[in-house]
Amino acid sequence: MPAASPIARPPQARTDPRRPAALAGAHASRQPPPDRSSRRLTAPRRRHKLPAGRPERPSRHREEVVMQTTGRKQQEWRNRAIVAAVLLAVGGGALAAGHPASSDAQMIASAMRAAPARIAKDATIVAMGADGTMRTLRKGTNAFTCMPDNPETPGPDPMCMDQNAMEWINAYMTKKTPPPGKLGMMYMLAGGTDASNTDPYAQKPDSGNHWIKTGPHFMIVGADPAFYANYPKSADPDTAVPYVMWADTPYEHLMAPIK
């Protein structure tokens with residue numbers, strides 16, 4: 001019987017025993033890897049999420065803008081209050097320019113006569129020019145602001161006030177109700193004159209509006225009505241004793257003589 005011839009088998013591809021069979025022969029079909037550098041350039045930037053309930057911190061530039069805006073508003077408010085204080089001291093009349101201008105040293109000395117020495121020596125001193133602009137003559141270190149006498153009024157009237165009194169005056173100027181619960185102190189130790197003891201907005205004295213002149217005194221503003229009810233409210237008061245000016249208006253205040 002003839003010997004069986006061996007069966008021819010197709011040649012098998014040689015495989016690397018170190019590589020999994022599934023990857024054998026895959027070189028031809030595999031695509032080149034993508035360009036990761038271009039993908040990195042176009043990928044959207046991730047933003048870190050803040051924890052729930054935590055507000056986002058404003059940028060440094062935004063903080064600086066807010067601070068500058070707030071500072072300007074506070075300075076504008078302060079200037080308005082000082083202008084109103086000047087008008088309050090002169091009885092609401094316009095400032096005239098008939099007298100020669102005083103030097104800064106003279107105005108500082110005049111302003112310091114408005115308050116007790118221990119307050120005046122550390123107070124901020126400001127002055128208003130004939131054009132209505134405000135100028136700081138001396139920067140202070142306490143809560144009081146003092147102004148010199150206006151030479152156009154009948155008598156000396158330098159004034160010194162604390163921060164609460166400044167807010168009260170600002171309300172007076174804007175014809176708003178003064179902030180409640182803010183007791184303020186104002187000094188006029190050189191005395192003062194007012195166009196009216198009854199009308200807060202009288203422009204000049206006349207026979208019917210109770211023009212009044214008071215010697216050295218201090219004023220308490222912003223108190224509750226019950227406080228003022230303890231003092232005389234006459235339209236023509238005795239200025240030698242404490243009395244209420246502009247009684248039964250939002251701007252009533254106590255006038256307390258010192259000597």
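Note that the structure is a prediction, hence the values are computed from the model and not measured.
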**Request:** Quick one: do Met112 and Ile125 satisfy side-chain contact (heavy atoms from CB on, under 4.5 Å)? Show the steps, please.
**Result:** CA-CA 8 Å; Met112 291 182 65; Ile125 308 295; 4.2 Å; yes

**Request:** Quick one: do Met161 and Trp168 satisfy side-chain contact (heavy atoms from CB on, under 4.5 Å)? Show the steps, please.
**Result:** CA-CA 10 Å; Met161 71 208 81; Trp168 183 89; over 6 Å; no

**Prompt:** Could you go step by step and tell me if Val126 and Leu137 meet the side-chain contact (heavy atoms from CB on, under 4.5 Å) rule?
**Reply:** CA-CA 5 Å; Val126 298; Leu137 305 180; over 6 Å; no

**Request:** Apply the test side-chain contact (heavy atoms from CB on, under 4.5 Å) to residues Tyr201 and Lys175: give CA-CA distance (whole Å), side-chain angles for both, the deciding distance (0.1 Å), then the verdict.
**Result:** CA-CA 10 Å; Tyr201 296 104; Lys175 297 185 178 182; 3.3 Å; yes

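Residues Lys233 and Tyr228 come closest through the heavy atom pair CE-O, 3.5 Å. Contact record, Trp246 with Tyr251: CE3-O, 3.5 Å, taken as the closest heavy-atom pair. Cys160 and Phe144 make their closest contact through SG-CB, 4.0 Å (heavy atoms, listed as atom of the first residue, atom of the second, distance). Smallest separation of non-hydrogen atoms from Ile119 and Asn142: O-ND2, 3.0 Å. Across Ala171 and Pro179, no two heavy atoms sit closer than the pair CB-CD, 4.4 Å. Of all heavy-atom pairs between Cys146 and Ala111, the closest is CB-O, 3.8 Å.
The backbone N or O of Ala226 lies less than 3.5 Å from no partner atom in the side chain of Asp224, so there is not a single donor-acceptor pair. The closest donor-acceptor contact from the side chain of Asp162 to the backbone of Met185 lies under 3.5 Å. Counting only distance, with no hydrogens or angles, the side chain of Asp149 and the backbone of Asp157 share a donor-acceptor pair below 3.5 Å.
The hydrophobic clustering, which links ILVMFWY residues whose side-chain heavy atoms are closer than 4.5 Å, places Ile108 and Met159 apart. At a threshold of 4.5 Å between side-chain heavy atoms, the hydrophobic network of Ile, Leu, Val, Met, Phe, Trp and Tyr places Met134 and Met107 in two separate groups. Residue Val241 is not grouped with residue Phe218 when hydrophobic side chains (ILVMFWY) are merged at heavy-atom distances under 4.5 angstrom, including chains of intermediate members. Using a 4.5 Å cut-off between side-chain heavy atoms of Ile, Leu, Val, Met, Phe, Trp and Tyr, with links allowed through other members, Met219 and Tyr172 fall into the same hydrophobic cluster.
Side-chain contact between Leu189 and Pro116 is present, with heavy atoms from C-beta onward closer than 4.5 Å. Side-chain contact between Pro178 and Pro250 is present, with heavy atoms from C-beta onward closer than 4.5 Å. Using a 4.5 Å heavy-atom cutoff, the side chains of Met128 and Met147 are not in contact.
The CD1 atom of Ile220 lies 12.5 Å from the CG atom of Asn164; values are rounded to the nearest 0.5 Å. How far CG of Leu254 is from CG of Leu183: 10.0 Å, rounded to the nearest 0.5 Å. For the atom pair CG (Asp122) and OG1 (Thr124), the distance works out to 9.5 Å, reported to the nearest 0.5 Å. With rounding to the nearest 0.5 angstrom, the CE atom of Met245 is 4.5 Å from the CG atom of Asn197.
Here the rule is side chain to side chain contact (heavy atoms under 4.5 Å, CB included) with Met255, and of His217, Met186, Met188 only His217 fits it.
Applying the side chain to side chain donor-acceptor pair (under 3.5 Å) test to pairs two or more places apart or on separate chains, those with a residue in residues 103-115 are Ser103-Gln106, Asp104-Arg135.
In terms of the side chain to side chain donor-acceptor pair (under 3.5 Å) criterion, residue partners of Tyr243 (sequence neighbours excluded) are, by chain and number, Thr214.
In this structure, Phe227 and Tyr231 have tilted ring planes: the angle between them lies in the 30° to 60° band.
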